[in-house]
K.L.:
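Just passing along the structure, written as structure tokens.
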Protein chains: 2
Amino acid sequence: MATVSIKDVAARAGVSPGTVSNVLNRPEKVAGGTRVRVEAAIRELGFVRHGSASTLRAGHSRTIGLSVIDIGNPFFTDVAAGVEDMASERGYAVILGNSSGSRLKEERNLLVFAEQRVRGVLITPSDEDPGRLERLRERDIAVVLVDHPAERSSQCAVAVNDVTGGAMAVGHLLRGGAGRIGYVTGPAAIRQCQDRRRGAEQALAAAGRDPAELREIAMPAMTAKAGQQAAEKLLADDALPDAVFCANDLLALGMLRGLLQAGVRVPDDVSLIGYDDIDFASASTVSLSSIRQPTYQLGRVATELLLDECDNPDTHAHQQIMFQPDLVVRESTR
Amino acid sequence: MATVSIKDVAARAGVSPGTVSNVLNRPEKVAGGTRVRVEAAIRELGFVRHGSASTLRAGHSRTIGLSVIDIGNPFFTDVAAGVEDMASERGYAVILGNSSGSRLKEERNLLVFAEQRVRGVLITPSDEDPGRLERLRERDIAVVLVDHPAERSSQCAVAVNDVTGGAMAVGHLLRGGAGRIGYVTGPAAIRQCQDRRRGAEQALAAAGRDPAELREIAMPAMTAKAGQQAAEKLLADDALPDAVFCANDLLALGMLRGLLQAGVRVPDDVSLIGYDDIDFASASTVSLSSIRQPTYQLGRVATELLLDECDNPDTHAHQQIMFQPDLVVRESTR
DNA sequence: TGGCCCGATTAAAACGTATCAATCACAATG
DNA sequence: CATTGTGATTGATACGTTTTAATCGGGCCA
């Protein structure tokens with residue numbers, strides 16, 4: 001009564017346990033009549049498959065691990081939503097791991113994933129360390145990189161072109177007639193920050209300008225608070241730039257607040273553009289121009305690739321998918 | 001080589017599998033010398049325990065399920081972070097389920113949890129249906145309600161007093177000299193919205209005013225967009241209220257934008273207060289007064305209760321914990 | 001020296017499912 | 001009628017761990 005097993009169902013339906021298992025896993029292999037009888041027994045007894053026993057015997061589970069850097073960041077939240085939806089549609093459960101940017105916690109999460117014998121892992125690595133992921137593959141755990149380019153061609157990866165995004169942002173500012181342009185960014189170690197700067201420089205070069213003109217302000221964090229501090233730095237300068245590109249929307253929102261409080265008009269005095277197009281970008285007082293990424297889609301597609309690799313290991317071809325970002329023009333830019 | 005089992009470790013260390021299991025689960029029961037030998041073997045072989053086999057034999061897993069209404073809402077994200085941290089500290093993995101407010105998806109998530117034989121479930125129920133949770137308890141799965149009062153004394157629940165919070169918000173507005181007060185809220189079915197209104201009415205009554213004065217504007221969603229629409233409604237009225245209380249910060253941010261765009265000064269013309277104190281509340285152009293909830297703590301404590309119930313089922317006493325919210329005064333209120 | 005006890009270790013039996021070879025019923029074929 | 005073939009079902013086994021009772025090896029006491 002505590003637990004009702006496949007045997008109980010078999011007894012009730014007058015078949016063998018093997019047949020019940022077949023109804024569960026290969027319904028097409030079992031005759032119509034018996035199937036409905038078994039299904040009825042399942043319903044009547046309230047049977048629910050013991051996932052662990054199934055995993056143990058089959059050698060693989062129906063769960064995937066999702067390791068993100070910061071679950072508090074709307075970007076990752078959106079990705080997680082996409083992952084969750086797709087996984088759920090395909091009958092997989094998602095085990096969530098939040099590394100908070102700490103390598104130790106990431107390591108611990110991967111261990112948990114390994115213990116649970118997850119079928120695969122979706123990860124936005126917090127730093128460059130191929131070895132760690134290699135160890136997963138040795139355990140027959142598929143890996144798909146999320147928002148990170150592939151480190152080798154033998155793995156799947158889903159990312160958004162940050163160079164293009166950076167170029168879009170600065171190109172837009174230049175078309176608005178911007179002269180001096182500032183770039184507010186996060187820690188240098190973050191790949192996305194570098195790529196977006198590279199794009200910005202490309203846009204300058206394409207306009208016949210010197211990429212070195214870009215005035216860069218690097219902050220230790222990519223939060224709204226850091227953005228406001230960046231505004232103070234900017235205001236301390238002799239002259240304001242005509243336009244500012246922030247490496248993410250949180251920085252941009254903080255910057256916006258800092259500028260407005262100092263009496264600087266946006267976009268009249270300074271144009272401002274962010275990155276990510278989080279919900280709050282459109283909701284701010286002066287709505288924020290930004291670079292939109294297909295975040296939710298990123299999660300969905302990454303999951304799709306992962307499950308494809310799991311379910312069809314032989315026909316699966318590794319793919320590196322690169323999405324393109326979109327420019328969203330709102331009030332904060334001319 | 002593909003999988004290294006407890007047996008391989010045993011062979012390598014020159015002991016029996018049972019001893020290895022003891023080293024893993026009751027290290028104090030095994031002699032010092034053998035323990036270090038076994039631990040060495042584990043390290044050398046890269047052994048990682050097969051969670052499913054363990055679960056199968058032991059009868060219970062080291063995972064918990066977390067079912068939230070909307071993973072995109074910063075409130076739930078904070079809760080999830082608290083849950084994840086505490087669970088991780090205690091060696092538990094978290095399976096994430098996002099119901100998106102859909103009863104069907106919630107149902108499906110609970111099924112997945114049951115299949116995985118999770119030790120317990122943390123849930124913010126999307127509606128009132130005690131039966132569903134009762135079925136979980138019959139399967140020996142502990143349940144703790146999150147941000148929802150207990151439905152009976154035989155279960156744990158962690159919530160924040162929304163009535164008090166509502167009273168705090170409106171009390172603050174009244175102290176600021178507000179005459180007419182508006183209440184912008186979400187769907188009537190949402191318990192939190194009702195409780196907060198009740199608190200608002202209590203504050204009016206306590207100030208010797210008629211609770212019926214409260215001008216309520218109910219929106220179908222609790223988003224920034226809905227907040228801006230609410231502002232339009234408000235502006236269409238003959239006279240603006242002196243102050244507005246919004247049932248969450250997203251509504252308030254939208255309202256703020258709507259008012260400012262219409263040339264209404266905040267807080268000079270209208271005071272504005274939100275609820276939740278999400279990060280963006282302090283980052284908005286006119287920083288938002290709000291009611292802070294111990295969100296992260298909510299997740300941590302709920303998880304602690306759940307794991308206590310799991311690990312000490314005999315001594316565990318069910319608790320209904322009610323946190324108190326805090327008033328955070330910023331620029332948007334007088 | 002013989003008997004006992006105690007801590008440390010082992011051997012064996014489960015847990016619930018999936019899988020595969022074997023069996024069965026029965027129809028079609030020669 | 002004997003044989004083959006086919007599709008449906010069964011029985012037995014193994015997955016990797018935990019747990020219990022049994023065993024072992026000494027040290028201690030009488």
Side-chain angles (χ1 to χ4, degrees), chain A residues 1-39 41-42 45-63 91 114-119 139-140 311, chain B residues 1-39 41-42 45-63 91 114-119 139-140 311:
Chain A
M1 165 182 148
T3 349
V4 29
S5 84
I6 219 175
K7 268 183 208 162
D8 304 319
V9 175
R12 172 106 177 196
V15 298
S16 81
T19 299
V20 176
S21 176
N22 279 336
V23 170
L24 257 34
N25 303 304
R26 308 188 202 61
E28 74 281 2
K29 289 287 174 199
V30 50
T34 41
R35 184 174 55 221
V36 306
R37 224 167 55 237
V38 170
E39 281 165 349
I42 288 179
L45 269 51
F47 165 82
V48 13
R49 182 217 314 264
H50 195 305
S52 294
S54 172
T55 296
L56 174 59
R57 170 62 229 228
H60 52 80
S61 70
R62 288 185 76 75
T63 57
E115 281 199 357
Q116 296 299 322
R117 294 297 191 274
V118 296
R119 198 70 187 280
R139 292 186 199 286
D140 259 339
D311 294 341
Chain B
M1 165 180 151
T3 344
V4 29
S5 83
I6 220 174
K7 267 184 210 163
D8 305 317
V9 175
R12 171 105 178 196
V15 298
S16 80
T19 299
V20 177
S21 175
N22 279 336
V23 169
L24 259 34
N25 303 304
R26 307 187 200 65
E28 73 283 0
K29 287 287 173 200
V30 50
T34 41
R35 183 173 57 220
V36 306
R37 224 167 55 238
V38 169
E39 282 165 349
I42 288 179
L45 269 51
F47 165 81
V48 13
R49 172 222 251 100
H50 195 307
S52 295
S54 170
T55 296
L56 174 57
R57 171 61 228 225
H60 53 79
S61 71
R62 287 185 78 74
T63 58
E115 281 199 357
Q116 296 299 323
R117 294 298 193 270
V118 296
R119 199 68 187 280
R139 291 187 199 285
D140 259 337
D311 294 341

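In this text, all values refer to a predicted model and were calculated from it rather than measured experimentally. Note on naming: letters A, B, ... go to the chains in the order of the sequence lines (proteins, then strands), and numbering restarts at 1 for each one.
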K.L.:
Quick one: label Arg26(A) by what it contacts on the DNA or RNA (base, sugar-phosphate, nothing), any heavy atom closer than 4.0 Å.
P.N.:
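Sugar-phosphate contact only - Arg26(A) comes under 4.0 Å of backbone atoms but never of a base.
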K.L.:
Counting only side-chain nitrogens and oxygens, does Thr19(B) get under 4.0 Å of the OP1 or OP2 atom of dT10(C)?
P.N.:
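Yes, within the criterion.
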K.L.:
Pick base, sugar-phosphate or nothing for Val20(A), based on heavy-atom distances below 4.0 Å to the nucleic acid.
P.N.:
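Touches nothing.
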K.L.:
Please tell me which of Arg117(B) and Arg37(B) maps to the more 5' nucleotide of DNA chain C, matching each residue to the nucleotide holding its nearest heavy atom.
P.N.:
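So the residue in question is Arg37(B).
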K.L.:
Of all the choices, dT10(C), dT10(D), dA8(D), which nucleotide is nearest to the side chain of Val15(B) once you look at every atom?
P.N.:
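Among the listed nucleotides, the one closest to the side chain of Val15(B) is dT10(C).
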K.L.:
Does Thr34(B) reach a base, just sugar-phosphate, or nothing at all? Heavy atoms under 4.0 Å.
P.N.:
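Since only primed, P, OP1 and OP2 atoms lie under 4.0 Å of Thr34(B), the category is sugar-phosphate.
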K.L.:
Okay, side chain of Arg49(A), backbone of Glu115(B): is any donor-acceptor separation there less than 3.5 Å?
P.N.:
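Checking the backbone N and O of Glu115(B) against the side chain of Arg49(A), no donor-acceptor pair under 3.5 Å is found.
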K.L.:
What is the distance, rounded to the nearest whole Å, between atom CG of Asn22(A) and atom P of dT17(C)?
P.N.:
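For the pair Asn22(A) CG and dT17(C) P, the rounded distance is 14 Å.
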K.L.:
Taking C-beta and beyond as the side chain, do His50(A) and Thr55(B) meet within less than 4.5 Å on heavy atoms?
P.N.:
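With C-beta onward as the side chain, the pair touches.
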K.L.:
Grab the CD1-P distance between Ile6(A) and dC15(C) for me, whole Å please.
P.N.:
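Rounded to the whole Å, the gap is 15 Å.
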K.L.:
OP1 or OP2 of dT13(D) sitting under 4.0 Å from any side-chain N/O of Arg57(A)?
P.N.:
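Looking at the OP1 and OP2 atoms of dT13(D), neither is under 4.0 Å from any side-chain N or O of Arg57(A).
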K.L.:
Is the phosphate of dG16(C) approached by Ser5(A) (side-chain N or O, under 4.0 Å from OP1 or OP2)?
P.N.:
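Result: no.
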K.L.:
For Leu56(A) and dA14(C), what is the distance between atoms CG and P respectively, to the nearest whole Å?
P.N.:
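Interatomic distance, CG of Leu56(A) to P of dA14(C): 17 Å.
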K.L.:
Within the structure, does a side-chain N or O atom of Arg35(A) lie under 4.0 Å from either OP1 or OP2 of dA8(D)?
P.N.:
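No, because none of the side-chain N or O atoms of Arg35(A) sits under 4.0 Å from OP1 or OP2 of dA8(D).
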K.L.:
Which part of the nucleic acid does Ser21(B) contact within heavy-atom distance under 4.0 Å: base, sugar-phosphate only, or nothing?
P.N.:
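Answer is base: heavy atoms of Ser21(B) come under 4.0 Å of a base.
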K.L.:
Measure the distance from NZ on Lys7(B) to P on dT17(D) and round it to the nearest whole Å.
P.N.:
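Taking NZ of Lys7(B) and P of dT17(D), I get 9 Å after rounding.
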K.L.:
Rounded to the nearest angstrom, tell me the gap between atom NE2 in His60(A) and atom C1' in dA14(D).
P.N.:
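After rounding, the reported distance stands at 15 Å.
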K.L.:
Determine whether a donor-acceptor pair (N or O, by modelled atom type, separation under 3.5 Å) exists between the side chain of Arg26(A) and the backbone of Val23(A).
P.N.:
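Here the side-chain-to-backbone pair does not exist.
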K.L.:
In whole angstrom, give the distance that lies between atom CD of Glu28(B) and atom C1' of dT9(C).
P.N.:
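Taking CD of Glu28(B) and C1' of dT9(C), I get 15 Å after rounding.
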K.L.:
Would you say that Arg12(A) contacts Val4(A) through its side chain, given a criterion of any heavy-atom pair below 4.5 Å between the two side chains?
P.N.:
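Side-chain contact under 4.5 Å: no.
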K.L.:
May I have the distance from His50(A) (atom NE2) to dC15(C) (atom C1'), rounded to whole angstrom?
P.N.:
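One finds 7 Å between C1' of dC15(C) and NE2 of His50(A), rounded.
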K.L.:
Return the minimal non-hydrogen interatomic distance between Pro17(A) and Ala10(A), and the atom names on each side.
P.N.:
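Smallest interatomic distance, heavy atoms only, reads N-CB, 3.6 Å.
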K.L.:
On DNA chain C, does the nearest nucleotide to Ser16(B) precede the nearest nucleotide to Ala53(B) from the 5' side, or the other way round? Give the residue.
P.N.:
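Per heavy-atom nearest nucleotide, the more 5' residue is Ser16(B).
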K.L.:
Expressed in angstrom and rounded to an integer, what is the separation of Lys29(A) atom NZ from dT19(C) atom P?
P.N.:
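Atom NZ in Lys29(A) sits about 13 Å away from atom P in dT19(C).
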K.L.:
Which nucleotide in the set dA18(C), dA8(D), dT17(D) lies at the smallest distance from any side-chain heavy atom of Ala58(A)?
P.N.:
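Given the options dA18(C), dA8(D), dT17(D), the side chain of Ala58(A) is closest to dA18(C).
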